[in-house]
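All of these numbers come straight from a predicted model, not from anything done at the bench. Proteins get letters first, then strands, A, B, ... in listed order; numbering begins at 1 in each.
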Amino acid sequence: MNNLSCVLKKWVMALSGLFLCSFLVVHLSGNLFLLNPDGGALFNQYANFMSTNLWIRVTEIILALGFVVHIVLGMLLARQANQSRPVAYAVSPGNETSSFASRYMWLTGAFVLFFLVVHLKTFFYTMRFGDVPHVPYEVVKAAFESPIYVIFYLISFFVLGWHLRHGVTSSFQSLGIRHPKLKPWIHIFGGLFWFVIPLAYSVIPLYFLYFHMWG
Amino acid sequence: MNVILKIWRQPSKDTPGGFETYPVADVSPDMSFLEMLDVLNETLTQSGKEPIAFESDCREGICGTCGLFINGRAHGPGLGITTCELRMRRFKSGETIVVEPWRAKAFPVLKDLIVDRSSFDRIIQSGGYVSVNTGNALDGNTLPIAKTKADEAFDAATCIGCGACVATCKNASAMLFTAAKVSQLALLPQGEVEAQDRVINMVKTMELEGFGHCSNTGACEIECPKQISLTHIARLHREYLKATFK
Ligand code: HEM
Ligand code: SF4
Ligand code: FES
């Protein structure tokens, strides 16, 4: 992938980033079954469907590829950027000329990657490959009974929010989609997405923790 | 007013440099930053010291040679200005002002505050030529160009090649500069024939020279003395995709 020019690298980053955003929406809609007050019956049904359906299996591979491409290109670009300024400034502009989110995409991205590994270990691995059969709903419930885990989860979504705060609008620019008439719409979409999606994800662990502690 | 300057001094390209501190007294707030440096250099010369090397030519914001990184800002604080247009009234009396050269792999420091920006020339060169018919000048309006297009091309053409966009970019990317040049010709019929090779070659040279990629932070647009817009970078992206998937 390194022989792609930086413009094409960013083009693929933007496409893979937007693809991962669509995955965030799909994944969230499934998670919201957890909030259905039926002791997890609906969620278990959904989770079983997800781990047995053939099409879901294929989609999973495409998704994993999407992550790999996005991460590898992100690392290649970060390395190129690092080499482009061998001597740092004594005084840097900081937030005066650009946003924190836009300058630290590699850092927020790396944190999301760390979260992803932990997350796959707790849920995906346990549900799919655990040695004892697990009821999906019980796995989720058990994980979110730990306040430490819930706090880690909330921090991760906060960080993901910062990744998306720059990422969503930036990807349109990378794809060359820019026009005075489109600008307000891209800003509304980006402005809602980075905030609403992580917030909605955060409600779920809080819901479980609340019922565990005080319910 | 009085100011204290911390200035990067470096005898030559391959010798290590460092900051030196120079107090400057009785500065008029109406002086430009370069005039203030002239005053300092006068006193340095009189006391037998090496004056500070910095570049300037037009001193009216059109030649693009006077780039200095002042207190963390390309061309100092303020929008739409070059260092020669920066006035000392922007600073407080007694303030310490840190002055550094542009920092980028593709802009090596030659001496003190002077950097070699010939990598920009090589990006331009790699863009190649524009075909035009020879012979008599065209009659007016035989090659119609919409006013809005002409204006946008002109906006792009106001780039003075100062390098502030590179200097301020966290990736030391020359994307705004390259996009201004690509965009200017992409908007006009005269540049159409070579448009696809031009964009591919210029981006290739930009990377070979050691500039970074564009993270869309928008810092370049803020620091550009000619306020070249990110719109041109979006156009470069479109031109590049057209050329790749033609
Ligand atoms: C759900 C997970 C993720 C989503 C939805 C996402 C989304 C995005 C989007 C939309 C962009 C903007 C692309 C552009 O500017 O054209 C982006 C950029 C970026 N992402 Fe991600 N990302 C995710 C995970 C990651 C991970 C795990 C990493 C790395 C370890 C990462 C590293 C980066 C970097 C470094 C950039 C900025 C590239 C640059 O312009 O310099 N991302 N991401
Ligand atoms: S785009 Fe602006 S900042 Fe960059 S070289 Fe041209 S005039 Fe200078
Ligand atoms: S000296 Fe020419 S732009 Fe400043």
Side-chain angles (χ1 to χ4, degrees), chain A residues 2-15 17 73-74 76-107 109 165-180 182-183 186 190, chain B residues 6 8 17 19 69-74 77 97-109 166-175 178 199-200 203-204 206-207 209-223 229-231 233-242 244:
Chain A
N2 204 21
N3 51 6
L4 292 181
S5 73
C6 65
V7 173
L8 287 181
K9 283 199 189 93
K10 274 303 298 248
W11 193 67
V12 178
M13 281 229 72
L15 283 183
L73 286 177
L76 288 174
L77 287 173
R79 192 186 60 173
Q80 180 180 359
N82 230 351
Q83 291 167 345
S84 302
R85 175 163 297 129
V87 184
Y89 287 110
V91 186
S92 290
N95 291 336
E96 276 178 62
T97 52
S98 63
S99 68
F100 178 88
S102 71
R103 276 176 288 130
Y104 290 96
M105 290 300 275
W106 60 274
L107 191 64
R165 189 174 185 171
H166 176 68
V168 176
T169 45
S170 168
S171 49
F172 288 95
Q173 169 79 4
S174 299
L175 296 172
I177 303 171
R178 185 185 176 108
H179 191 273
L182 282 175
K183 206 171 172 176
I186 292 175
Chain B
K6 272 184 76 181
W8 182 263
F19 283 99
F69 213 70
I70 302 163
N71 279 350
R73 297 289 302 269
I97 305 171
V98 181
V99 190
E100 302 175 72
W102 285 172
R103 295 283 189 203
K105 184 176 166 201
F107 286 167
V109 175
V166 175
T168 197
C169 173
K170 77 176 183 72
N171 306 338
S173 175
M175 200 57 113
T178 310
V199 63
I200 300 270
V203 169
K204 192 196 239 166
M206 180 190 97
E207 287 194 90
E209 291 290 341
F211 294 102
H213 73 288
C214 177
S215 280
N216 304 328
T217 70
C220 52
E221 181 182 58
I222 292 175
E223 292 294 48
S229 157
L230 290 186
T231 307
I233 299 188
R235 182 171 297 106
L236 178 143
H237 286 156
R238 291 197 295 274
E239 288 294 314
Y240 199 96
L241 291 181
K242 256 195 274 173
T244 308

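- When every heavy atom of B/A167 is checked against every heavy atom of A/R85, the shortest pair comes out as O-NH2, 3.0 Å.
- At a 4.5 Å heavy-atom cutoff, the contact between B/I233 and chain A is made by backbone and side-chain atoms alike.
- Side chain of A/K10 to backbone of B/C214: a donor-acceptor contact under 3.5 angstrom is found.
- For the atom pair CZ (A/F172) and NE2 (B/H237), the distance works out to 15.0 Å, reported to the nearest 0.5 Å.
- Residue B/R73 comes nearest to A/P93 through the heavy atom pair CD-CB, 4.5 Å, listed as atom of the first residue, atom of the second, then distance.
- In this structure, no portion of B/K204 lies under 4.5 Å from any heavy atom of chain A.
- In terms of heavy-atom proximity, A/Q173 sits nearest to B/L230 at NE2-O, 3.1 Å.
- Counting heavy atoms from C-beta outward, A/V91 and B/I70 have side chains that stay 4.5 Å or more apart.
- No part of B/E239 comes within reach of chain A, as not one of its non-hydrogen atoms sits under 4.5 angstrom from that chain.
- Within the 4.5 angstrom heavy-atom criterion, no atom of B/S173 approaches chain A.
- Heavy-atom distances place the side chain of B/Y240, and not its backbone, under 4.5 Å from chain A.
- Separation of atoms OG1 (B/T231) and NZ (A/K183) is listed at 7.0 Å; rounding is to 0.5 Å.
- Within the 4.5 angstrom heavy-atom criterion, atoms from both the backbone and the side chain of B/R103 approach chain A.
- Minimum heavy-atom separation, B/E100 to A/Y89: OE1-CA, 3.2 Å.
- In this structure, chain A has a heavy atom under 4.5 Å from the side chain of B/L236, while its backbone stays farther away.
- For the residue pair A/S170 and B/S215, the shortest heavy atom distance occurs at OG-O, 4.1 Å.
- For B/P101, the part sitting under 4.5 Å from any heavy atom of chain A is the backbone (N, CA, C, O) and nothing else.
- Of the two parts of B/F107, neither the backbone nor the side chain holds a non-hydrogen atom closer than 4.5 Å to a non-hydrogen atom of chain A.
- With B/R238 contributing its side chain and A/G176 its backbone, the two residues share a donor-acceptor pair below 3.5 Å.
- In this structure, OG on A/S98 lies 7.5 Å from CD1 on B/I222, to the nearest 0.5 angstrom.
- Between the side chain of A/E96 and the backbone N or O of B/G72 there is no donor-acceptor pair closer than 3.5 Å.
- Contact annotation for B/T178: neither backbone nor side-chain heavy atoms come within less than 4.5 Å of a heavy atom of chain A.
- Between the side chain of B/E207 and the backbone N or O of A/C6 there is at least one donor-acceptor pair closer than 3.5 Å.
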